[in-house]
Enquirer: 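Okay, handing you the structure first.
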Amino acid sequence: MKTELFPHADSARGSALKVERASVTDPLPDKSVPVPSLSLGEKARRAVQPQVPYLTGLNLEQRRAVETLEGPLLVLAGAGTGKTRVLTTRIAHLIATGRAFPSQILAVTFTNKAAREMKERITALVGAVAEGMPWLGTFHAIGTKILRRHAELVGLKSDFAILDTDDQIRLLKQIIRAENLDDKRWPARQLAHLIDSWKNRALTPDKVSAGEAQGFANGRGAALYKLYQERLKVLNAVDFGDLLVETIRLFRENPDVLARYQDRFRYILVDEYQDTNVAQYLWLRLLAQGRQNLCCVGDDDQSIYGWRGAEVDNILRFEHDFPGAAVVRLERNYRSTAHILAAASHLIAHNEDRLGKTLHTDGAAGEPVAITGAWDSEEEARQIGEVIETLQAQAHPLSQIAVLVRISAQMREIEDRFVQLGLPYRVIGGPRFYERLEIRDALAYFRCVVSQADDLAFERIFNTPKRGLGDATLQILHAYARHAGIPLMQAARALIETEELKPKQRSTLRDLLAAFDRWSRQLETVPHTELAEIVLDESGYTTMWQNDRSPEAGGRLDNLKELIRTLEEFPDLQAFLEHVSLVMDASEGDSHERVSLMTLHAAKGLEFDTVFLPGWEEGLFPNQRALDEQGRAGLEEERRLAYVGLTRARKSARIMFASNRRIHGLWNATAPSRFIDELPEAHVEVKEAPAAFSYGNYGRSRFDQGSGAFGSTYNTPGWTRARQNSGPGFGAPTGAPPGGRRGGGHGHTIEGEIVARAAASSAFRAGDRVFHQKFGPGTVATADGNKLTIDFDKAGRKAVIDSFVKPA
DNA sequence: GAAATGCCCCTTTTT
DNA sequence: GGGGCATTTC
């Protein structure tokens with residue numbers, strides 16, 4: 001069977017598929033399965049050694065997914081069906097059979113964690129060869145790598161900086177203000193989201209439709225986007241979205257470059273394909289066009305990143321986009337008990353937009369999914385604590401228990417309870433290490449040491465710790481930097497030579513620049529970890545926190561120490577900064593004997609014996625906002641999230657809801673989630689709350705009302721949110737000029753900067769009458785380049801920079 | 001220029 | 001319930 005000589009022929013595929021699905025319960029792999037399109041030599045080799053060790057233990061479907069090597073392949077891998085195993089084995093297989101060198105395989109994951117795990121598992125299979133898999137990584141990491149090699153082709157230098165969300169928003173705010181828009185009414189954060197969503201769809205500024213640009217600043221969204229991109233180029237920086245969009249542009253504009261990568265990547269593998277967005281899809285398609293050896297693994301039922309631009313459509317349309325694609329379904333679940341699997345399957349079956357899979361297991365029935373109500377969210381937290389303590393008493397390892405919440409705001413109450421009980425726990429994906437204030441400050445220092453052109457970093461630490469340099473000083477620096485088209489630090493260098501700044505600021509700035517010069521020189525001579533400490537100490541940053549009396553100061557100092565320790569793992573500061581900008585998650589602490597607490601999103605790909613699922617209430621889960629903004633699609637994504645939550649559990653899943661929950665500090669009555677009604681009765685069990693927590697009749701009556709839900713007459717709860725999101729003031733006055741950028745402007749335009757740069761030598765000579773904003777009218781005494789000495793009528797003789805004076 | 005106070009936004013999820 | 005931001009006050 002399965003002599004698939006023509007992997008692209010549909011008829012052959014169809015029959016192979018039927019055979020396999022019919023024999024799905026047969027656990028014995030067919031030893032005589034030949035690999036498609038092998039060379040004769042290889043066939044002979046395999047005949048001698050038919051059972052390659054790494055292939056043993058795969059079921060038929062998995063094996064087919066591993067061995068269908070040529071042509072496009074979609075592997076629909078349900079939860080717990082051995083997806084990662086298939087991917088890693090497939091790579092091992094490619095290497096072991098000599099079809100490709102590790103460096104010729106492109107393997108893309110969505111998260112760094114997944115990439116790390118895959119690398120480890122491949123190494124386990126084929127040995128250290130996997131170390132040489134330079135193209136295994138996230139979309140963004142690989143995009144960065146490619147972009148650095150060809151930076152000049154897209155108008156960058158190869159040492160471009162990668163901005164994080166924070167930098168991005170600060171930059172956008174500057175642009176919004178420079179355009180004389182009210183940054184209160186048009187928040188930079190909103191524009192950042194908008195630009196992100198455009199980049200997710202690979203839309204460059206000129207491709208943004210007028211309709212979409214309409215929503216922001218009366219149609220100036222696209223223009224602002226354009227300014228932002230121009231500004232990024234000047235700063236030699238990219239944001240996250242650019243790592244993909246710019247790579248696509250690179251490929252499109254340089255077919256020769258693209259051809260080289262198409263040629264290099266003999267086999268392409270993609271993990272979590274359901275999470276890809278349009279840009280990622282285009283990126284993949286460009287690369288796969290050459291050899292067509294694209295293998296995408298995913299599960300449409302676990303697509304939970306739609307809000308971030310992921311297109312379930314990518315996976316739904318795969319066969320259409322890649323004609324002749326083979327499809328393998330992995331439906332045999334090795335993780336959960338039959339009850340849990342049945343509950344999850346039944347729930348997800350309520351979705352309409354899905355390719356459809358039926359998971360099955362040979363495992364035990366186990367215990368039904370438990371459903372428990374609580375009077376309020378505090379009681380819910382107490383119940384979780386209570387049950388966990390019971391489990392703990394029964395020697396259930398805490399590391400095998402997880403609490404999965406819909407939104408991170410739910411965590412606080414649960415954490416509080418755990419702290420009270422002294423229950424060890426860890427929060428996964430919580431406030432990210434590299435996003436902490438003190439870490440970002442420290443990184444900004446390092447960035448400035450490495451590159452004195454990093455304006456955003458310089459701005460950040462310019463007056464941190466407080467050194468008496470305020471907004472006024474910064475404005476002057478900015479003004480000059482913009483005029484001259486130079487970075488802020490360079491502008492500062494010029495300004496300390498003149499008298500634009502007050503003496504105090506001037507000398508402070510001089511000291512700061514001298515310090516940076518010193519540190520930059522030490523890059524060559526001092527080990528980087530040592531240098532990092534020197535920078536933090538000499539800048540006064542460490543001292544600042546040591547003198548801080550606030551309770552968190554100690555923790556911040558610890559974090560800084562941790563940062564230095566992490567630094568040791570990298571050869572130099574540059575490498576470390578590169579890592580940080582792409583990998584925002586720090587090394588996860590030990591998972592020993594701690595309960596894990598995380599959001600449902602963070603839980604994807606993980607599994608635990610016992611899983612608590614609190615907060616299954618209308619409005620919270622499904623989340624009202626998802627419903628309001630995305631309608632049925634939003635609901636379906638929420639349902640997939642519920643499905644992901646349930647399928648994390650191996651042995652025990654406990655769904656919980658509270659009748660009252662505090663939202664924004666106010667108590668609200670809540671109704672049980674509709675998802676609870678969608679569970680199959682045969683596989684769930686409604687449990688009473690532990691007696692100690694049944695708070696008399698109030699709770700009971702509310703609860704009973706809610707639990708009517710288990711009957712068949714559950715309708716939309718009387719909980720319809722009246723709040724209509726009718727944003728204020730969208731009907732802007734019609735008098736505004738249509739989309740046109742304000743003429744004249746403020747000398748902040750890129751063009752302006754370029755012009756200013758070109759005319760670097762001064763337009764003034766001795767004797768000219770000039771006017772200075774601060775010092776008033778005066779006469780030029782001497783002119784040295786752009787540095788002038790002027791005798792002011794009132795202020796006396798001052799050294800100034802020419803861009804601050806106008807001819808009078 | 002810096003600290004203190006007061007106001008307003010928000011809260012889904014994250015590479 | 002809280003954090004960011006602007007205004008106020010020193």
Side-chain angles (χ1 to χ4, degrees), chain A residues 108-115 137-144 162-166 168-170 173 182-185 187-190 192-193 196-197 199-200 239-244 271-272 275-277 279-280 303-310 404-413 428-432 434-435 437 463-475 501-502 504-505 508 580-585 598-604 615 619-630 634 637-638 640-641 644-645 661-667 723 725 727-728:
Chain A
V108 203
T109 64
F110 214 71
T111 64
N112 297 296
K113 200 169 74 182
T138 63
F139 278 101
H140 295 88
I142 291 170
T144 308
I162 301 169
L163 304 190
D164 61 24
T165 325
D166 216 70
Q168 196 185 358
I169 288 172
R170 280 192 294 148
K173 180 172 266 175
D182 180 2
D183 66 322
K184 203 112 197 202
R185 175 150 175 210
R189 181 170 298 275
Q190 193 188 330
H193 282 308
D196 246 14
S197 76
K199 289 187 176 175
N200 283 339
D239 65 17
F240 252 86
D242 285 337
L243 294 175
L244 293 167
D271 190 16
E272 306 279 20
D275 286 337
T276 52
N277 59 34
Q280 286 158 340
S303 165
I304 54 175
Y305 286 105
W307 49 273
R308 190 173 98 182
L404 310 183
V405 296
R406 176 63 185 82
I407 62 172
S408 34
Q410 285 172 264
M411 289 188 191
R412 181 186 304 266
E413 273 178 315
I428 296 181
R432 297 177 169 284
Y434 293 118
E435 282 171 13
L437 176 85
N463 194 31
T464 308
K466 302 253 184 290
R467 42 174 80 90
L469 299 173
D471 210 39
T473 310
L474 186 61
Q475 287 312 317
L501 298 170
K502 296 200 190 104
K504 187 163 154 264
Q505 275 73 313
T508 310
V580 169
S581 55
L582 288 170
V583 186
M584 291 301 276
D585 59 330
M598 70 194 92
T599 64
L600 286 161
H601 284 88
K604 194 168 70 158
L620 178 61
F621 191 36
N623 186 273
Q624 191 59 42
R625 190 159 155 180
L627 262 37
D628 289 345
E629 289 172 8
Q630 302 289 330
E637 181 152 316
E638 295 286 299
R640 291 194 289 267
L641 208 42
V644 167
R661 186 170 295 275
R662 193 163 25 197
I663 300 166
H664 301 181
L666 295 171
W667 286 98
R723 195 192 62 173
N725 277 358

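Chain letters run A, B, ... following the sequence lines, proteins first, then strands; residues in each count from 1. In what follows, every heavy atom counts, from backbone to side chain, and hydrogens, waters and symmetry copies are set aside.
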Enquirer: For atom P, what is the distance between B/dT13 and C/dG4, given to the nearest Å?
Expert: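 Here B/dT13 and C/dG4 have their P atoms 15 Å from each other.
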
Enquirer: Find the distance A/His193:NE2 to B/dT15:P and express it as a whole number of Å.
Expert: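 In whole Å, B/dT15 P lies 14 Å from A/His193 NE2.
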
Enquirer: Over all strands shown, is A/Thr473 touching base, sugar-phosphate only, or nothing at heavy-atom distances under 4.0 angstrom?
Expert: sugar-phosphate

Enquirer: On DNA chain C, reading 5' to 3', which nucleotide is the first and which the last to sit with an atom under 4.0 Å from a heavy atom of chain A, could you check?
Expert: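 Span of nucleotides near chain A: C/dG1 to C/dA6.
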
Enquirer: Indicate, with a heavy-atom threshold strictly under 4.0 Å, whether A/Gln630 touches base, sugar-phosphate, or nothing.
Expert: nothing

Enquirer: Please give, in whole Å, the distance from B/dT13 C1' to A/Asp628 CG?
Expert: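 For the pair A/Asp628 CG and B/dT13 C1', the rounded distance is 16 Å.
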
Enquirer: Restricting to ring-ring contact (aromatic ring centres under 6.0 Å, His included), what partner residues turn up for A/Tyr305, sequence neighbours left out?
Expert: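 For A/Tyr305, the residues satisfying ring-ring contact (aromatic ring centres under 6.0 Å, His included) (neighbours in sequence not counted) are A/Trp307, A/His601.
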
Enquirer: Rounded to whole Å, how long is the line connecting atom CD1 of A/Ile428 with atom P of B/dT13?
Expert: 16 Å

Enquirer: How long is the line joining CD of A/Gln624 and C1' of B/dC10, in whole Å?
Expert: 16 Å

Enquirer: Could you tell me the separation between the OG1 atom of A/Thr138 and the CD atom of A/Glu272, rounded to the nearest 0.5 Å?
Expert: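 If I round to the nearest 0.5 Å, the distance is 13.0 Å.
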
Enquirer: Which of the following nucleotides, B/dT13, B/dT11, B/dT15, is nearest to the side chain of A/Trp307?
Expert: B/dT13

Enquirer: Classify A/Ala141 by what it touches in the nucleic acid, base, sugar-phosphate, or nothing, heavy-atom distance under 4.0 Å.
Expert: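 Answer is nothing: A/Ala141 stays at 4.0 Å or more from every strand.
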
Enquirer: Report the nucleotide, chosen from B/dT14, B/dT13, B/dT15, that has the shortest atom-to-atom distance to any side-chain atom of A/Ala602.
Expert: B/dT14

Enquirer: State whether A/Thr599 places a side-chain N or O below 4.0 Å from either non-bridging phosphate oxygen (OP1 or OP2) of B/dT14.
Expert: yes

Enquirer: When you compare the protein's N or O atoms with those of nucleotides 2-5 of chain B, which come within less than 3.5 Å of each other, and at what distance?
Expert:
unit_1, atom_1, unit_2, atom_2, d
B/dA2, OP1, A/Gly468, N, 3.0
B/dA2, OP2, A/Asn463, ND2, 3.3

Enquirer: Do A/Tyr305 and the base of B/dT13 stack face to face, with centres under 5.5 Å apart and an angle between planes under 30°?
Expert: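 Base of B/dT13: not stacked against A/Tyr305.
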
Enquirer: Once you round it to whole Å, what is the distance between C1' of B/dT14 and CZ of A/Phe110?
Expert: 9 Å

Enquirer: Starting at atom CG of A/Asp196, determine the distance to atom C1' of B/dT14, rounded to an integer number of angstrom.
Expert: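 The answer, rounded to whole Å, is 10 Å.
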
Enquirer: Rounding to an integer number of Å, can you tell me how far A/Met411 CE sits from B/dT11 C1'?
Expert: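 About 13 Å, once rounded to whole Å.
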
Enquirer: Rounding to an integer number of Å, can you tell me how far A/Asp271 CG sits from B/dT15 P?
Expert: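 Those two atoms, CG and P, are 15 Å apart.
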
Enquirer: If each of A/Gln505 and A/Ala626 is mapped to the nucleotide of DNA chain B with the nearest heavy atom, which maps nearer the 5' terminus, i.e. the 5' end?
Expert: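 Result: A/Gln505.
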
Enquirer: With sugar-phosphate meaning primed atoms plus P, OP1 and OP2, does A/Lys604 contact a base, only sugar-phosphate, or nothing at under 4.0 Å between heavy atoms?
Expert: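 Result for A/Lys604 = nothing.
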
Enquirer: Pick the closest DNA chain B nucleotide for A/Phe139 and for A/Lys502 by heavy atoms, then say which residue is nearer the 5' end.
Expert: A/Lys502

